[in-house]
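Report on one structure; see the data block that follows.
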Amino acid sequence: MPEMTESSIPRRPTRKVRVGSVEIGGDAPVSVQSMTNTRAADVDATIAQIRRLENAGCDIVRVAVPNRAAAEAIREIKAAIGIPLVADIHFDYHLALASLECGADKLRINPGNIGSDENVRTVARAAKERGVSIRIGVNAGSIDRARYGMPSAETLVESALDEVRVLEKLGFEDIVLSLKAFDVPTMIRAYELAGERCDYPLHLGVTEAGLAWEGTIRSSIGIGALLARGIGDTIRVSLTGDPVEEVRVGREILNSLGLWRKPYTLISCPTCGRCEIDLAAIAEEVKRRLDETPPARPITIAVMGCIVNGPGEASLADVGLAGGAGVGVIFAGGNMLRKVGEKDLVDELMKEVRGLRDDSQGQNT
Ligand code: SF4
């Protein structure tokens with residue numbers, strides 16, 4: 001069977017932290033996170049959105065907790081969802097305590113903005129009693145400029161490590177760190193530096209990355225560059241819009257690096273003057289059908305426009321087609337199977353995909 005490269009990227013060694021049923025760091029797979037954009041106090045809307053996120057492959061979800069009603073909603077939300085929930089807290093440490101009481105699996109705080117050391121101590125003690133981890137989330141936009149100066153990779157790391165020391169002094173070490181910036185080179189450098197200076201797991205993200213198109217590119221470059229070097233243990237793609245898109249992009253980033261395999265990987269050529277079939281329409285239709293009925297095991301499908309690179313690529317995939325003038329050739333398992341008219345190409349390709357699925361089911365029974 002053709003080979004699909006699995007990731008051979010050595011991961012940076014880190015401690016392992018537990019967030020409900022999910023582990024972050026150590027040998028745990030890189031997890032994908034997102035954040036709801038509903039009001040947590042609107043429990044029905046929040047649960048509905050989290051279920052959509054779960055279906056898209058979200059491992060951990062975060063909700064903003066700006067008031068008591070949001071903290072108290074956590075109990076009901078948690079009872080209705082299957083993934084760990086993180087409470088995002090700013091300014092009021094009472095909300096962190098209330099979130100813990102209501103079952104939050106992790107807190108995202110910035111110890112520097114929840115008041116006195118005593119407040120931080122109180123939150124850390126309560127989290128430790130419940131085995132709840134804390135993410136110290138430092139953002140370039142909210143860095144204390146009076147203390148650290150202008151935001152930079154270095155100041156992000158200094159500020160984050162100062163926060164780490166506050167928790168460490170209290171004996172609290174179930175820590176995840178994030179050092180997000182809008183500027184991608186700054187973000188990359190900050191995580192590199194943090195990775196050199198501590199062994200806490202890192203939550204990667206490009207903050208305020210923008211609308212879906214720009215944000216996907218910015219996030220893929222920032223997060224992807226780090227993951228490709230083994231840095232990063234959990235990721236959140238931040239996009240303006242439906243958070244489900246964040247999860248889809250996050251999963252695709254992991255899939256691209258072989259850190260996870262999605263049910264199918266569709267390879268299609270960009271087409272050029274040699275292409276004599278409507279390849280874009282064929283590729284879209286193949287994708288639509290695969291989304292509708294995903295294969296039971298991860299496979300690679302190649303949809304190629306002509307015989308120049310087509311047969312080569314198609315034969316390296318599990319299943320593929322290479323177009324000609326109004327016809328195409330179907331491949332499976334590295335073998336050329338048959339020539340098919342253009343109008344039947346998708347049906348014939350999908351027959352081979354279904355055949356793979358049937359084989360897989362047969363092996364499992
Ligand atoms: Fe052009 Fe053929 Fe390459 Fe597609 S596979 S880009 S049609 S040469």
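Atoms within a ligand are numbered from 1 in the order they appear, just like the ligands themselves. What's counted below: heavy atoms across the whole structure, side chains too, no hydrogens, waters or symmetry copies. All residue numbers in this chain count up from 1 along the given sequence.
A cation-pi arrangement is absent between R297 and Y264 under the rule of less than 6.0 angstrom and at most 45 degrees off the ring axis.
Using a 4.0 Å cut-off between charged nitrogen and carboxylate oxygen, R288 and E284 do not count as a salt-bridge pair. In this structure, D347 pairs ionically with R289, as a charged nitrogen and a carboxylate oxygen lie closer than 4.0 Å.
Tally of protein N, O or S atoms closer to atom 2 (Fe) of ligand 1 than 2.8 Å: 1.
Using modelled atom types and a 3.5 Å distance limit, the side chains of R108 and S133 yield no donor-acceptor pair.
Partners of P263 according to the side-chain contact (heavy atoms from CB on, under 4.5 Å) rule, which considers only residues two or more places apart in sequence or in another chain, are W260, P294, P295.
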| Under the side chain to side chain donor-acceptor pair (under 3.5 Å) criterion, do R236 and S34 qualify, and how do the steps go? | CA-CA 6 Å; R236 192 259 170 126; S34 185; 4.9 Å; no
